[in-house]
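Okay, structure first, notes after.
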Amino acid sequence: QVQLVESGGGLVQAGGSLRLSCAASGRTFSRYRMSWFRQAPGKEREFVGGTDWSGGNKYYADSVKGRFTVSRDNAKNMVYLQMNSLKPEDTAVYYCGATSGWGHIMNSQGYDTWGQGTQVTVSS
């Protein structure tokens, strides 16, 4: 089972950009579909964007389409989330997740492993 560590969060003004990184340990990284979720205070964890095993297929929540980009580098065991045109409503703790199952990629219940999360705060 992989272990995940996120980095790259911080404070940014609205309209700015951030790039989150997720480092995975283990030799089976390419067997996992990888996604980013976020959770704001008082709200449930929600899907942001994800990628299949090779990175060839990507999926996004409607709220971030055209602004966020998910990518992965299987040679480096890394997943990234490039966030552009950030809005105050993007403020949340962002989590990297790994799933070895065949369930819907947007369903958090199917994920095997989560990182500790990284805070993203967007000021208006």
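Quick caveat: nothing in here was measured; it's all calculated off a predicted structure.
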**OP:** Using a strict 4.0 Å threshold on nitrogen-to-oxygen distance, state whether D62 and K65 make a salt bridge.
**Re:** yes
**OP:** State plainly whether the residues R67 and D90 are in salt-bridge range, i.e. N to O under 4.0 Å.
**Re:** yes
**OP:** With side chain to side chain contact (heavy atoms under 4.5 Å, CB included) as the test, would you mind laying out the steps for L81 and V48 before giving the verdict?
**Re:** CA-CA 9 Å; L81 181 67; V48 175; 4.2 Å; yes
Original post:
Can you check side chain to side chain contact (heavy atoms under 4.5 Å, CB included) on L18 and V120, steps first, answer last?
Top reply: CA-CA 9 Å; L18 280 175; V120 171; 3.9 Å; yes
Subject >> Pairs involving residues 33-87, ordered by first then second residue, that meet disulfide bond (SG atoms under 2.5 Å apart) (sequence neighbours left out) >> reply: none
Taking the side chain as everything from C-beta on, heavy atoms only, tell me whether [X] gets closer than 4.5 Å to [Y].
X: K58; Y: Y60; result: yes
X: Y80; Y: L20; result: no
X: M78; Y: F29; result: no
X: M83; Y: Y94; result: yes
X: F68; Y: L86; result: yes

**OP:** Only counting residues at least two apart or in another chain, list the ones meeting ring-ring contact (aromatic ring centres under 6.0 Å, His included) with F37.
**Re:** F47, Y111, W114
Original post:
Can you name the residues that form a ring-ring contact (aromatic ring centres under 6.0 Å, His included) with Y95, not counting sequence neighbours?
Top reply: none
Original post:
Should the heavy atoms of other residues, nucleotides or ligands under 6.0 Å from CD of Q3 be counted, would the total exceed 12?
Top reply: no
**OP:** Decide if atom CD of Q1 counts as having more than 12 heavy atoms of other residues, nucleotides or ligands within a radius under 6.0 Å.
**Re:** yes
Subject >> Cation-pi check, R33 onto Y59 ring (under 6.0 Å, within 45° of axis) >> reply: no
**OP:** Please test V79 against W36 for side chain to side chain contact (heavy atoms under 4.5 Å, CB included), starting from the C-alpha separation and ending with a verdict.
**Re:** CA-CA 9 Å; V79 181; W36 290 93; 3.5 Å; yes
Original post:
Where do S71 and Q82 land on the side chain to side chain contact (heavy atoms under 4.5 Å, CB included) test, with the steps shown first?
Top reply: CA-CA 8 Å; S71 61; Q82 178 66 44; over 6 Å; no
**OP:** Would you tell me whether D112 and S100 have side-chain atoms, one donor and one acceptor, within less than 3.5 Å of each other?
**Re:** yes
Side chain to side chain contact (heavy atoms under 4.5 Å, CB included) partners for [X], two or more places apart:
X: Q119; answer: T91, V93, T121
X: R31; answer: T28
X: S123; answer: L11, Q13

Original post:
From E46 CD over to S63 OG, what is the distance, rounded to the nearest 0.5 angstrom?
Top reply: 5.5 Å
